Amino acid sequence: MDLARRYGRSTQAIRNYEAAGILPEAERTASGYRTYTGDHDLALAAYLALVRGHGNQTATEIMRAINGHATADALTLVDESHAQLLDDRRTLRAVEAALHDLEPVPAAERGDTFVGPLSRRLGIRPATLRKWEDAGLVQPRRDPRTGYRIYRPADVRDALLTHQLRRGGYPLGRIAPLIAQVRTAGGVAPLESMLRDWRARLDARGRAMLAGAAALNAYLDWRSAVVSAGRGDGTAGEGRTSRSRQTGRTTGSNVTAR
């Protein structure tokens with residue numbers, strides 16, 4: 001089958017895409033064989049491009065909405081993905097700013113400290129430090145004799161970073177993964193490489209979303225051309241042929257097993 005070979009998919013995968021609503025329903029020959037045409041070609045190209053930027057689930061929901069004549073819903077899903085990407089970029093900038101503003105611990109203060117001095121240094125209540133501890137953001141040990149919390153230099157670092165991000169408006173649940181990364185990396189300095197990789201992934205996702213938008217727009221243009229030509233009045237074939245010349249895609253039908 002040409003459509004399957006063109007995209008490196010199996011014939012069964014193409015059927016599964018149709019069953020999932022990713023591809024429009026295929027017409028059938030008199031003997032019951034499916035016929036895939038240019039609209040299926042464009043739909044599959046759009047879906048595969050969308051997956052790279054939006055992920056499989058969102059891409060599937062977008063294509064289902066388009067094929068279900070709910071274009072506004074599909075575009076809303078696209079907008080939501082772009083909004084999430086923007087939010088991720090803002091989070092990255094906040095993390096970079098927090099790390100940049102993180103003051104080194106003075107040499108005289110690099111030993112262990114207690115909840116009172118640390119809370120005064122940060123300008124917060126001791127109860128806030130205990131709340132951060134409950135969320136796993138700081139992990140002070142306990143003095144075996146007195147039971148007092150003892151904050152080691154790494155705990156102070158985590159508290160300072162948490163304080164910076166909280167000032168930026170970030171909830172504890174979003175700060176916790178970053179603190180875990182700091183601990184795994186063994187400090188703040190090794191995170192520079194992680195942040196570069198994070199930025200590169202966001203940039204790649206943004207570019208993939210642009211490619212997905214172009215492919216989706218081509219599919220929407222095709223569908224609009226078919227509707228304008230008048231599907232079912234004998235001119236639908238002309239609409240498909242005309243649109244195919246614009247996109248450079250094959251006009252012939254692909255017939256596959258039932």
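Only heavy atoms go into these numbers, but all of them, side chains included; no hydrogens, no water, no symmetry mates. Numbers here simply count residues along the sequence, with the first being 1. In this text the structure is predicted, and so the values were computed from the model without any measurement.
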Inset, instruction - Please step through salt bridge (charged side-chain N to carboxylate O under 4.0 Å, His left out) for the pair R223 and D39, ending with a clear verdict. - result: CA-CA 8 Å; R223 290 174 63 87; D39 49 352; over 6 Å; no
Inset, instruction - Would you check if D112 and Y151 make a side-chain contact, meaning some heavy-atom pair closer than 4.5 Å? - result: no
Legend entry - L86 reachable from L195 in the ILVMFWY side-chain graph, under 4.5 Å edges: no
Legend entry - salt bridge (charged side-chain N to carboxylate O under 4.0 Å, His left out): pairs with one or both residues in residues 62-83, sequence neighbours excluded: none
Legend entry - Heavy-atom side-chain proximity of E18 to Y36 below 4.5 angstrom: yes
Legend entry - Members sharing F114's hydrophobic cluster (side chains within less than 4.5 Å): Y148, I150
Inset, instruction - First locate atom OG1 of T11, then atom CG of N16, and finally report the distance between them rounded to the nearest 0.5 Å. - result: 11.0 Å
Inset, instruction - With the side chain counted from C-beta on, respond yes when R141 and R149 share a heavy-atom pair under 4.5 Å apart, and no when they do not. - result: no
Inset, instruction - Taking the side chain as every heavy atom from C-beta outward, state whether R166 and L172 have any atom pair closer than 4.5 Å. - result: yes
Legend entry - Full working for salt bridge (charged side-chain N to carboxylate O under 4.0 Å, His left out) between D2 and R5: CA-CA 5 Å; D2 290 344; R5 285 197 299 270; 2.6 Å; yes
Inset, instruction - Check for a donor-acceptor pair, side chain of S119 on one end and backbone N or O of G116 on the other, with a separation under 3.5 Å. - result: yes
Legend entry - Spacing of R6 atom CZ and I14 atom CD1 [to the nearest 0.5 Å]: 10.0 Å
Inset, instruction - Look at the side-chain heavy atoms of Ile, Leu, Val, Met, Phe, Trp and Tyr, link any pair under 4.5 Å apart, and say whether L220 and L50 land in one connected group. - result: yes
Inset, instruction - Treat each ILVMFWY residue as a node, draw an edge where side-chain heavy atoms are under 4.5 Å apart, and state whether L122 and L178 are in one component. - result: yes
Without placing hydrogens or testing angles, list every side-chain donor-acceptor pair under 3.5 Å for residues 201-215, not counting sequence neighbours.
from : atom 1 : to  : atom 2 : distance (Å)
D203 : OD1    : R89 : NH1    : 3.0
D203 : OD1    : R89 : NH2    : 3.1
R205 : NH1    : D88 : OD2    : 3.2
R205 : NH2    : D88 : OD2    : 3.0

Legend entry - L48 side, atom CG; N56 side, atom CG - distance, nearest 0.5 Å: 10.0 Å
Inset, instruction - Spell out, as yes or no, whether a donor-acceptor pair under 3.5 Å connects the side chain of R142 to the backbone of G147. - result: yes
Legend entry - Side chain to side chain, R183 and R157, heavy atoms closer than 4.5 Å: yes
Legend entry - W198-I175 co-clustered via ILVMFWY side chain contacts under 4.5 Å: yes
Inset, instruction - Supply the atom-to-atom distance D155 CG to T113 OG1, rounded to the nearest 0.5 angstrom. - result: 10.5 Å
Legend entry - Candidate pair L216 and I66, rule side-chain contact (heavy atoms from CB on, under 4.5 Å), full reasoning: CA-CA 9 Å; L216 182 62; I66 294 294; 4.2 Å; yes
Legend entry - From NE2 (H82) to CG (L77), nearest 0.5 Å: 11.5 Å
Inset, instruction - Please tell me if the side chains of D41 and Y7 come closer than 4.5 Å, counting only heavy atoms from C-beta onward. - result: yes
Legend entry - Check: L23 and L44 side chains under 4.5 Å, non-hydrogen atoms: yes
Inset, instruction - Show your working on side-chain contact (heavy atoms from CB on, under 4.5 Å) between D158 and L137 and close with a plain yes or no. - result: CA-CA 7 Å; D158 295 346; L137 302 176; over 6 Å; no
Legend entry - CD/Q12: more than 12 non-hydrogen atoms of other groups inside 6.0 Å: yes
Inset, instruction - Would you check if I124 and W132 make a side-chain contact, meaning some heavy-atom pair closer than 4.5 Å? - result: yes
Legend entry - Point-to-point distance, once rounded to the nearest 0.5 Å, from CG of N67 to NE2 of H40: 8.5 Å
